[in-house]
Trainee: 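Input: one structure, supplied below.
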Amino acid sequence: MYATTETATPQTLIDLATAEPELAVSILVPMATTGKETAANSTVLKNALRDAGEQLSEAGADDDERAALLTPVAALLDDHELWQNQGAGLGVFVARGHSPRLIRLPMEVDAQVSVGRRFRIAPALSLLDADDAFLIVTATHDSARLYSASRAGLGEQLDAGLPDSAQDDAVENDYENPVQASPPLRPNTGTATISNAQVYGDAPPEWRETRQHDHAQAIVQALSAATNDRHERIVLVAGADMLGLLRPSGLFSADVEHNPDALSAEELHAHAVAAIEAQLNEQRADAVDSVAASLGRHDGSATSDPAELLTAALEGRVGTLVVTTEATTRQDEDLDELLSAVLATAARIVVTDEDAPAPLSGLLRY
C-alpha cells in the first residue's frame, strides 16, 4: 500500500482543514464494510478518480501533474486487503508537495470530489462537534483503557498512563502467606526437613479488596492527570465492583454496568452513546439556543451572514460556529475556507439537524 490508512481523529481533520497546499484534491466515498459488497469499494474509488481527473483539468493541471497526483491513488485499486478493511466512509487527500493521506471515516459519506485551495473535511465535521465528542473509560480488575468517541463511532485508544492491572499498581505487597513461611510454621504443607519448600496459597479477601481499592485509586489519579485539560464528558464502562469503587471520584458523567471485556468495539460504543446521549443533546441545544438568542438581539454578538462569518473567522473572532448537517454536504469552497479559519483559532463547532437559526451561524468573541 502506498500510504498508511489512518483512523479519523479530530486532530487529523484539523490538520487537513488548516493545511495550505497549492492545490488540494479531496475524494470522499462511501464504503461497504462487510459481505460481498466490499468487492465494489474499489469501483467507487475508480469512479471518483475519473471525476478528480476532470476537475484537475478544469483547474489547469496538465497531464504530468494529474498523473503525479492521482497515479499513487490509482495503485490502490488492486489492493484487495485494503477494500476488505474499511470504515463506513473513506477520505483520500492529495496535494502538490504532500504525501497522499487515506482517512478511514466512521460515518457514511456521499461520494464527492473537490479540487481547490483547501481540503474538504465538511462531510466529516461531526467528528469535530464539541457536543458530539466524549471519552470512554473501560475498567476491570485487570486493566483500564481510555478511548476518544463521538456519536459516529469509537475513536482511538488514548495513552493516558492508566494501570494495566491491580498487580501492577505501585503498592507494595506486604502480605506473606503462612504457607510461604519457614518450614516449622507452615500449616501441613510438608516436612520441616524440606528447607526450601515453596507452597503458594491464595491471598485473603481483605488483601484482594485492598489491592482492588488501590487499583481504582491509581485509575482515578492517572485519569485525572490525562483529562485535566480536556472538556469532554466521560462515560465509565465497568462491572458492578469497579463501578462502586470509581463512581465516588466524580470524574464520570455517566456509567454503564457491563464487563467491557465481553463487548465488541461496536457494542462498547453503543452502550456508551445510550448512556450519554441525553446529556450531549442538552449541551448542543444550549449552544444553539445561545447563538439564536444573540442573533435575536441584533447587537452584533452573532451573525448568520456567510461573508461576515468568514471575515470574522479570519480575524479570529468566531467563538462558536453552528452548521446544519445539510450544509456539510454542499460542495462549497467558501465553507472550506470558513472551516479552515475557525479551526485555526480553536472555535467551537456544533453540527445539528434541527433548530439551527440558519445553515451557518456563529457567536462572535468580540
Side-chain angles (χ1 to χ4, degrees), residues 7 9-10 106 130-181 200-283:
T7 297
T9 67
D131 304 304
D132 240 16
F134 58 97
L135 300 174
I136 300 174
V137 171
T138 64
T140 68
H141 296 306
D142 296 318
S143 67
R145 296 183 178 89
L146 176 65
Y147 300 91
S148 62
S150 71
R151 296 185 212 229
L154 189 67
E156 61 183 346
Q157 182 176 341
L158 304 176
D159 183 8
L162 297 177
D164 290 332
S165 169
Q167 301 302 319
D168 294 333
D169 294 344
V171 179
E172 191 67 30
N173 176 3
D174 59 2
Y175 170 69
E176 182 177 347
N177 194 312
V179 299
Q180 300 176 42
Y200 295 93
D202 292 335
E206 295 83 2
W207 183 81
R208 291 198 302 272
E209 184 176 328
T210 298
R211 294 291 289 178
Q212 291 170 8
H213 181 271
D214 292 339
H215 178 55
Q217 288 301 109
I219 293 173
V220 169
Q221 291 172 9
L223 185 61
S224 296
T227 60
N228 184 55
D229 59 349
R230 302 186 69 119
H231 305 291
E232 300 100 321
R233 297 171 185 263
I234 306 175
V235 181
L236 172 63
V237 181
D241 289 347
M242 290 304 296
L243 284 181
L245 292 170
L246 293 171
R247 271 177 180 157
S249 69
L251 291 173
F252 307 103
S253 299
D255 57 56
V256 176
E257 185 178 330
H258 205 297
N259 175 13
D261 289 344
L263 299 174
S264 67
E266 292 77 12
E267 291 169 336
L268 174 64
H269 176 256
H271 280 290
V273 169
I276 198 68
E277 191 164 28
Q279 295 181 47
L280 296 179
N281 288 341
E282 182 178 358
Q283 186 173 283

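Values below: every heavy atom of this structure, side chains too, minus hydrogens, waters and symmetry copies.
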Trainee: Looking at every heavy atom in both Ala275 and Ala254, which two are closest together, and how far apart are they?
Mentor: O-CB, 3.6 Å

Trainee: What's the shortest heavy-atom distance between Leu280 and Ala133, and which atoms?
Mentor: CD2-O, 4.0 Å

Trainee: Indicate the atoms forming the closest heavy-atom contact of Ala149 with Ile136, along with that distance.
Mentor: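 Smallest heavy-atom distance, with atoms named: CB-CD1, 3.9 Å.
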
Trainee: To the nearest 0.5 angstrom, please state how far the NE2 atom of His269 sits from the CZ atom of Arg151.
Mentor: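 Taking NE2 in His269 and CZ in Arg151, the distance rounds to 10.0 Å.
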
Trainee: Under the side chain to side chain contact (heavy atoms under 4.5 Å, CB included) criterion, do Leu158 and Leu135 qualify, and how do the steps go?
Mentor: CA-CA 10 Å; Leu158 304 176; Leu135 300 174; 4.0 Å; yes

Trainee: Under the rule for ring-ring contact (aromatic ring centres under 6.0 Å, His included), what residues qualify as partners of His271, not counting sequence neighbours?
Mentor: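 Expected list: His258.
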
Trainee: Atom NE2 of His141 and atom CG of Asp261: how far apart are they, to the nearest 0.5 Å?
Mentor: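 Taking NE2 in His141 and CG in Asp261, the distance rounds to 11.0 Å.
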
Trainee: Measure across Ala222 and Gly161 and return the closest heavy-atom pair with its distance rounded to 0.1 Å.
Mentor: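 That closest heavy-atom pairing would be CB-O, 3.5 Å.
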
Trainee: Would the number of heavy atoms belonging to other residues, nucleotides or ligands and lying under 6.0 Å from CG of Asp159 be above 12?
Mentor: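 12 or below, so no.
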
Trainee: For Phe252 and Leu246, which heavy atoms make the closest approach, and how far apart are they?
Mentor: CE1-O, 3.6 Å

Trainee: If you compare all heavy atoms of Leu162 against all heavy atoms of Ile219, which two are closest, and at what distance to 0.1 Å?
Mentor: CD2-O, 3.8 Å

Trainee: What distance do Gln217 atom CD and Asp214 atom CG have between them, rounded to the nearest 0.5 Å?
Mentor: 7.5 Å

Trainee: If we ignore hydrogens and angles and just use 3.5 Å, is the side chain of Ser150 paired with the main-chain N or O of Asp132 as donor and acceptor?
Mentor: no

Trainee: Under 3.5 Å, which donor-acceptor pairs link side chains of residues 231-245 to any protein atom two or more places apart or in another chain?
Mentor:
from   : atom 1 : to     : atom 2 : distance (Å)
Glu232 : OE1    : Arg230 : NE     : 3.2
Glu232 : OE2    : Arg230 : NE     : 3.4
Glu232 : OE2    : Arg230 : NH2    : 2.7
Arg233 : NE     : Gln283 : OE1    : 2.8
Arg233 : NH1    : Gln279 : OE1    : 2.7
Arg233 : NH2    : Gln283 : OE1    : 3.2

